[in-house]
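Single-structure report; data block below.
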Amino acid sequence: MELKKHVQDLLVIEVTRLNKRHFLLDLRAPEKFPLILPGQFVQVLVQGSASTFLRRPFSIHSVDYSRNTLRLLVQIKGEGTRHLAELKTGDHLNLIYPLGNSFSLPFTKDVLLVGGGCGVAPLLFLAQFLNQNNIRPTILLGFRTKEEVSEIETYSRFGNVHVITDDGTEGEKGLVIDHSMFQRERLDFKKIYCCGPDAMMKAVAKIARMHRIECEVSLENTMACGFGVCLCCITPTDKGNERVCMEGPVFNINRLTW
Amino acid sequence: MELKKHVQDLLVIEVTRLNKRHFLLDLRAPEKFPLILPGQFVQVLVQGSASTFLRRPFSIHSVDYSRNTLRLLVQIKGEGTRHLAELKTGDHLNLIYPLGNSFSLPFTKDVLLVGGGCGVAPLLFLAQFLNQNNIRPTILLGFRTKEEVSEIETYSRFGNVHVITDDGTEGEKGLVIDHSMFQRERLDFKKIYCCGPDAMMKAVAKIARMHRIECEVSLENTMACGFGVCLCCITPTDKGNERVCMEGPVFNINRLTW
Amino acid sequence: MPDLSVNIAGLNFRNPVTTASGTFGYGDEFRDFIDLGRLGGIFVKAVTGKNRDGNAYPRMAETSTGMLNSVGLQNKGVDHFCREIYPRIKDFNTHIIVNVSGSTVEEYVEVAERINELENIPAIELNISCPNVKLGGMAFGTIPAMATEVTAEVRKVYKKVLMVKLSPNVTSITDLAKAVADGGADVITLINTLLGMAIDIERRRPVLSTITGGLSGPAIKPVALRMVWQVHKAVHIPIIGLGGIMNATDAIEFMLAGASAIQVGTANFIDPTVSVKIVDGIEAYMERHKIKAVTDLIGALRTE
Amino acid sequence: MPDLSVNIAGLNFRNPVTTASGTFGYGDEFRDFIDLGRLGGIFVKAVTGKNRDGNAYPRMAETSTGMLNSVGLQNKGVDHFCREIYPRIKDFNTHIIVNVSGSTVEEYVEVAERINELENIPAIELNISCPNVKLGGMAFGTIPAMATEVTAEVRKVYKKVLMVKLSPNVTSITDLAKAVADGGADVITLINTLLGMAIDIERRRPVLSTITGGLSGPAIKPVALRMVWQVHKAVHIPIIGLGGIMNATDAIEFMLAGASAIQVGTANFIDPTVSVKIVDGIEAYMERHKIKAVTDLIGALRTE
Ligand SMILES: Cc1cc2nc3c(=O)[nH]c(=O)nc-3n(C[C@H](O)[C@H](O)[C@H](O)COP(=O)(O)OP(=O)(O)OC[C@H]3O[C@@H](n4cnc5c(N)ncnc54)[C@H](O)[C@@H]3O)c2cc1C
Ligand SMILES: Cc1cc2nc3c(=O)[nH]c(=O)nc-3n(C[C@H](O)[C@H](O)[C@H](O)COP(=O)(O)OP(=O)(O)OC[C@H]3O[C@@H](n4cnc5c(N)ncnc54)[C@H](O)[C@@H]3O)c2cc1C
Ligand SMILES: Cc1cc2nc3c(=O)[nH]c(=O)nc-3n(C[C@H](O)[C@H](O)[C@H](O)COP(=O)(O)O)c2cc1C
Ligand SMILES: Cc1cc2nc3c(=O)[nH]c(=O)nc-3n(C[C@H](O)[C@H](O)[C@H](O)COP(=O)(O)O)c2cc1C
Ligand code: FES
Ligand code: FES
């Protein structure tokens, strides 16, 4: 199994707007994909602006090996993501990929995926992957508001989806940790995978610890290279400062200083 | 007559490729044009690249007051002009215009316009303007090669056009000053307007001096602002260092130190 | 509506947005583009004792989000300024501040003395990035003792607000800031251009006639911001910050780092209306963050 | 085919393109992207006496065509380097040069001595931009006497090619260049990062945990080029130039200004294959200009 990193121009197949702030980007590689694992990310070169000098990291949202395409789920934040939103079918985008480690396979079938905001991105790929390994996870997705709830049908193919929105306009109301599934005395999960804003992951980690559930989180960080050479993206772990782009982005919460 | 300078987004009406290195750019202003004079130029903001920080100056190739459009003739040189070549109908382009002084009206009808390369740009507008003042100039245009000879029909509407190419593939062969019209003992012109590479303008200026013909040239220069405040674009004149973007770009050769 | 006014060394500015010397002409070139009355002030092009032709062409090179210039203090001298230019600009509805340059201490003093007489010029800005011809061409602004001397000598003759603009091409900007504060400066302006160079590899020649020149634009912003922050911590006189400011965000960064006002330089070339956009942008930021007085931003960086 | 090889202080490089310390890891991270054997050399990440954790997160801020970093010499110390890393990289088919850092003269000497024993390391590069903890934290590279001292002390124990990398945050780079040449440096590397700063106006906080950090990338190229040119005229030992090199054009500019070789730094992050593209680009330029030996480019700027 090849795990080599590539620098490659990928063809933009489609840009699908999900809502005001989010869109999907389907990209096709010129040659057969290497092995890509759930939790890995890509570094995208955004051309066309002086304020997007460095590449931008995005998790791999899903991979279709048969069509040789991968999908990104992007939230518009600043100049770089705004530029990406304006890409058209037929454009090219330069990627370094696949980068980072990956979620580990669980030794259980009682799996919960928790995602919030654009942190849901790697969870779809993970859910796919778990399915291939005969695991149908519970999936809890948090959104700001109804308008931003999206791809529920896609997720539902791979797991049992629960939705919660900040304003209660769809599903339950509150932050993901406010969801009723966490309010019980005993949780039925043996493994939680979580991805989202730092504060959310920390809150979920706290719940996981309380219930002694194994938990992996996918960290964000400011990255310059994305492949381990600049040491800009470190996070303190039980082994000292580790690189989020190499030893991560996925960490077992037991290894973090949280 | 308003001579106010504007900073404005103009609408790209059409991009017409003339040949490998040249294209026409038709732009429409959102409101009625101010008075624009032949020899004046615009400063174009090229967005979309870190290496096009400053604006790029281009002469005004022609103006259509009725449609409120102006046309630029652009030669592809580097990053900035490459970007402009990729503009599409419907895009917008930010211009500062109109800038600089202008060619002066001649006190004679025996007028010759000499242009080389993209230096031909302001001459079309000038020829139009002369026509409106009942002058039909002789127009000598120099090109590298047949492939680059263009807009002859347009020029012919306003004057008597002669072509010379470096390689002789169309019209006469050689540099503009090699043209047979200059080989006579006496030239029939009382005023020459010239625009092109420095070396060409200097050579034409020499001929003009020899024959005591009044001559105006339109200088190029490296410009930061284009409206007189940075003092980067100076040229030595009889009054000391003058700004090409304000006191120029058009200078009577008698004022230059050539 | 938030209060944008700032008082700097006793001088009241309607807002902290001013324009940098050498990038705004004498202001009149911008009247087609903006209402000068919306600016806090205008710093006009350097004035020297005598007429100067400046450097030979080419004087400009574009760099990565920046530019090099080697204009070299081209101006017609202080006489001409007082006679021809001052009458033309003295009634602009904003503070006109003159950037004073020289090759000797005497020249600075002479120019300052002359400008001191002009009623509608409330301040001067000493540009001490110039080479001292008597001292082997080292810039006044690179040696603390020299910086103190020129400031102190000008201080003796100049009675209004004395600003001194520092060169960033030094090991310790705080040493220079202290030096000019000791010399009697009321205000410190930071920063002038960084010394840089560009080469045309096709012709194998320097792009500028002077080989090296002054680097300005967004490229230098991080350095400028750092110097404002360092000086803000070290010296207790007001700072006017500049270097690569392109928009309100940049301007606010400088104020948070410790600047009481800012100057817009190279950005004027790219968008001649940018200075008033920055005024509007600062106001919008203050409204969004519920900040009542712009002075609350000065040095308000949270570092705890 | 043009000859790209350069001999620097007796050491033969197959071409003048090397990679900058701190931007290329230990080289192995790039094996997926390029053939390391096509490079002139690799300057590996700083090695210090003991393990260092480096600075807290966040360590990076993007700026206009540049970036700030405050990694802060994170490495596992010279022991670990000799034991774990050296064996892994020693047989790379290119020169491996170790960037040596420290907080005291003794630490530099200790590390240099240890690296001197490693057979396949033909040179070290002293990074004197580090603060001297015994002398109030002023960087070794900002005071000529300190720069001479650390160079001379290392020179005593280090028998191979000794390169010294200068900090650009100084008034006179030539004074520093002379200082390290006096101390016995064989080669001068120019430049390390410029000290800069970035602020997040929404949170009103510095972006970096350390408030200030090192600026690299195209933004600083004009300053770097100017320093290479100044030092080339002032000092007669070879120079390795860097600072914002993104492509072959930039690399050639540095060589024309006086660099015998160049380093590619931040550009590696944006395109991990850029270093070999630069090798190809220099070759293409030489062919186009009919230049037989790359050494003909060194300092070949025409200024007459
Ligand atoms: C491993 C990894 C995976 C990621 N996966 C995804 C994903 O699948 N989908 C997605 O939409 N986003 C993802 N992100 C975040 C994404 O990289 C940033 O949103 C993007 O770089 C912002 O670029 P911009 O130019 O639009 O914004 P900028 O103008 O650069 O910044 C806008 C705002 O976003 C913040 N920001 C910028 N970069 C980051 C960053 N790396 N981490 C945190 N905050 C940042 C800035 O501080 C600023 O406040 C991921 C980040 C990492 C490190
Ligand atoms: C008053 C004026 C009017 C002009 N009118 C026209 C016109 O009508 N049509 C047209 O095609 N071009 C015209 N030019 C030239 C045009 O401005 C440059 O070709 C353009 O700026 C190059 O931009 P770039 O980004 O493509 O090239 P860059 O990458 O910036 O440069 C490519 C090459 O062109 C040279 N160059 C860049 N700018 C200039 C300049 N201002 N003068 C001379 N050489 C330069 C550079 O040195 C470099 O070698 C005019 C210039 C001036 C000053
Ligand atoms: C073309 C040009 C001319 C300048 N002339 C002067 C000058 O005469 N006096 C002065 O003190 N600074 C001068 N400067 C420096 C600017 O005032 C300012 O300090 C510098 O450009 C950094 O700010 P910026 O990046 O916003 O342009 C000049 C800058 C430029 C670009
Ligand atoms: C993330 C990062 C880490 C660096 N670490 C070191 C280092 O350990 N030692 C050193 O001498 N220089 C270090 N540098 C400086 C570079 O080697 C180089 O001098 C500087 O980045 C300028 O070159 P560039 O603009 O091509 O990147 C580092 C630079 C960066 C961006
Ligand atoms: S981003 Fe460079 S080491 Fe992780
Ligand atoms: S380009 Fe600025 S004065 Fe002419």
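Protein chains get the first letters and strands the later ones, always in sequence-line order, with residue 1 at the start of each. In this text the structure is predicted, and so the values were computed from the model without any measurement.
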Which atom of [X] lies closest to which atom of [Y], heavy atoms considered:
X: A:C230; Y: D:F269; result: CB-CZ, 3.4 Å
X: A:C232; Y: D:V71; result: SG-CG2, 4.0 Å
X: D:G217; Y: A:F53; result: CA-CZ, 4.3 Å

Select one option (side chain, backbone, both, neither) describing which atoms of A:L45 are under 4.5 Å from chain D's heavy atoms.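 Looking at A:L45, just its side chain touches chain D.
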Could I get the full list of ring pair (Phe, Tyr, Trp, His ring centres under 6.0 Å) partners for D:F33, not counting sequence neighbours?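 Per chain and number, D:F33 pairs via ring pair (Phe, Tyr, Trp, His ring centres under 6.0 Å) with A:F227.
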Donor-acceptor table for chain D and chain A, threshold 3.5 Å:
residue : atom : partner : partner atom : Å
D:D32   : O    : A:K4    : NZ           : 3.3
D:D32   : OD2  : A:K5    : N            : 2.8
D:D53   : O    : A:N241  : ND2          : 2.7
D:R59   : NH1  : A:L231  : O            : 2.7
D:E62   : OE1  : A:R56   : NH1          : 3.1
D:E62   : OE1  : A:R56   : NH2          : 3.0
D:E62   : OE2  : A:F53   : N            : 2.8
D:E62   : OE2  : A:L54   : N            : 2.8
D:E62   : OE2  : A:R56   : NH1          : 3.2
D:Q74   : NE2  : A:N241  : O            : 3.4
D:I270  : O    : A:R55   : NE           : 2.7
D:I270  : O    : A:R55   : NH2          : 2.8

